Amino acid sequence: MILRLETVGSTQSELIERIRAGDFSFRGIAALEQTHGHGRHGRSWFSPKGSCLAFSFWTPLAGLRAELVGMWAAIAAAKVLDCDLQWPNDLSLGGKKLGGVIAETAASPTREKYAVIGIGANLTVADFPSEIADRATSLLLADREIPDPFELAESILEKLDRLPKPSSFAALRDLWSARDSSAGKAYQLPDGRVCKSIGVGDEGQLHAICDGEAIEVRSAEAWQANLD
């Protein structure tokens with residue numbers, strides 16, 4: 001069951017606190033507005049009231065590869081939204097970012113570990129802040145049908161439960177590859193270098209070229225670079 005809220009600071013933070021308190025009353029939380037939404041690497045997530053999907057859910061980490069759960073969730077969201085994927089777990093339409101996934105961990109009072117996975121997607125956003133306007137899009141701007149955010153969250157969770165568990169990338173590879181649009185994209189490394197993607201490897205890592213050298217990058221180590 002998903003808890004439906006009008007407003008929340010962050011669906012991620014709210015769900016993590018509930019897990020830490022041992023409250024598993026809801027499998028996930030969806031809200032029409034986040035006042036302090038956040039994405040990967042601590043970046044804020046733009047989510048005006050009623051215009052975005054803001055959804056977080058939990059799953060036990062036992063038997064799963066933690067670094068793959070974000071890709072797993074992104075696949076489910078991309079199938080429901082009929083959009084593309086960009087490594088490590090972004091959703092895209094027409095080469096622009098439609099949404100993304102953040103995966104964090106939390107422990108219950110009995111020390112069981114859980115993945116807390118947040119999914120955000122732009123539904124009816126028509127005007128983005130200037131710093132992201134050139135690389136963000138929404139279902140509205142793409143002339144797509146606009147789903148109810150709460151029903152969308154339910155559909156993604158139902159789709160996810162029918163996917164293979166992310167115990168290895170081999171279980172996800174074909175599903176990811178069918179929608180992957182990462183090749184040719186630029187990614188920035190923590191040291192400031194920019195590399196260009198040439199594809200996703202057998203373990204879910206990014207294969208890229210950086211300063212003329214072939215390298216592998218793990219999902220926590222890079223983010224898409226805005227070079228314009």
Side-chain angles (χ1 to χ4, degrees), residues 1-47 49-50 52-81 85 88-91 99-123 148-169 171-172 175 204 218-221 223:
M1 181 184 295
I2 292 175
L3 175 62
R4 301 182 177 195
L5 299 176
E6 287 287 321
T7 301
V8 70
S10 160
T11 59
Q12 279 290 100
S13 298
E14 177 70 20
L15 195 54
I16 287 171
E17 288 305 310
R18 286 172 177 263
I19 288 172
R20 288 173 175 168
D23 180 2
F24 293 90
S25 304
F26 299 94
R27 175 79 185 281
I29 296 175
L32 296 180
E33 180 185 34
Q34 291 188 116
T35 57
H36 294 88
H38 64 279
R40 296 176 70 238
H41 304 292
R43 290 171 292 181
S44 62
W45 179 261
F46 178 67
S47 51
K49 188 171 184 178
C52 297
L53 170 69
F55 171 48
S56 295
F57 68 94
W58 58 261
T59 192
L61 261 179
L64 307 183
R65 280 185 49 191
E67 70 272 25
L68 298 179
V69 294
M71 300 180 86
W72 177 55
I75 289 169
K79 289 174 78 69
V80 173
L81 290 164
L85 294 162
N89 44 34
D90 279 347
L91 309 171
V101 174
I102 179 173
E104 301 174 282
T105 59
S108 71
T110 53
R111 297 191 175 276
E112 286 92 356
K113 291 186 178 180
Y114 293 83
V116 181
I117 305 165
I119 303 175
N122 303 315
L123 305 180
D148 174 85
F150 295 133
E151 292 180 2
L152 178 58
E154 296 277 5
S155 296
I156 291 173
L157 199 54
E158 290 172 5
K159 181 69 70 176
L160 190 88
D161 286 339
R162 295 197 294 270
L163 292 181
K165 299 296 184 182
S167 56
S168 69
F169 188 64
L172 305 178
L175 294 167
R218 299 292 172 176
S219 62
E221 298 174 352
W223 53 92

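Since this is a predicted model, take the numbers as computed values, not measurements.
- Considering only heavy atoms from C-beta on, V8 comes within 4.5 Å of Q34 through its side chain.
- Atom CG of residue L3 and atom CZ of residue R27 lie 14.5 Å apart, to the nearest 0.5 angstrom.
- Checked by atom type and distance alone, the side chain of Q12 pairs as donor or acceptor with a backbone atom of V116 at under 3.5 Å.
- I117 approaches A73 most closely through the heavy-atom pair CG2-CB, 3.5 Å.
- W72 is not listed as a side-chain neighbour of V101, based on a closest heavy-atom distance of 4.5 Å or more.
- Here E67 contributes atom CD and F169 contributes atom CZ; the two are 11.0 Å apart, rounded to the nearest 0.5 Å.
- Across all their heavy atoms, A115 and V69 have their closest contact at CB-CG2, 4.2 Å.
- Here the shortest heavy-atom pairing between S167 and G63 reads CB-O, 3.4 Å.
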### Chi angles and distances behind the side chain to side chain contact (heavy atoms under 4.5 Å, CB included) call for L85, M71
CA-CA 9 Å; L85 294 162; M71 300 180 86; over 6 Å; no

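- Distance CD1/I119 to CD1/I156: 4.5 Å, rounded to 0.5 Å.
- Nearest approach of L15 to G28, heavy atoms of both residues: CD2-CA, 4.4 Å.
- To the nearest 0.5 angstrom, E151 atom CD is 6.5 Å from R4 atom CZ.
- You'll find the side chain of L81 stays beyond 4.5 Å of the side chain of L53, heavy atoms only.
- No donor-acceptor distance shorter than 3.5 angstrom exists from the side chain of E14 to the backbone of G9, with no hydrogens or angles considered.
- Below 30°, between 30° and 60°, or above 60°: for Y114 and W58 the angle between ring planes is above 60°, a perpendicular geometry.
- Contact check for P166 versus R65: no side-chain heavy atoms found under the 4.5 Å cut-off.
- Residue V80 comes nearest to S155 through the heavy atom pair CG2-O, 3.9 Å, listed as atom of the first residue, atom of the second, then distance.
- From L61, atom CG reaches atom OG1 of T105 across 6.5 Å, with rounding to the nearest 0.5 Å.
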### side chain to side chain contact (heavy atoms under 4.5 Å, CB included) between T59 and L160, intermediate numbers included
CA-CA 11 Å; T59 192; L160 190 88; 6.0 Å; no

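- The side-chain heavy atoms of I2 and F55, taken from C-beta on, include a pair separated by under 4.5 Å.
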### Query
Going through the checks in order, is the side chain to side chain contact (heavy atoms under 4.5 Å, CB included) test met by F150 and L32?
CA-CA 8 Å; F150 295 133; L32 296 180; 3.7 Å; yes

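- Scanning both residues, A171 and P164, for their nearest heavy atoms gives O-CG, 3.6 Å.
- Once rounded to the nearest 0.5 Å, the distance linking OG of S108 with CG of D23 reads 12.0 Å.
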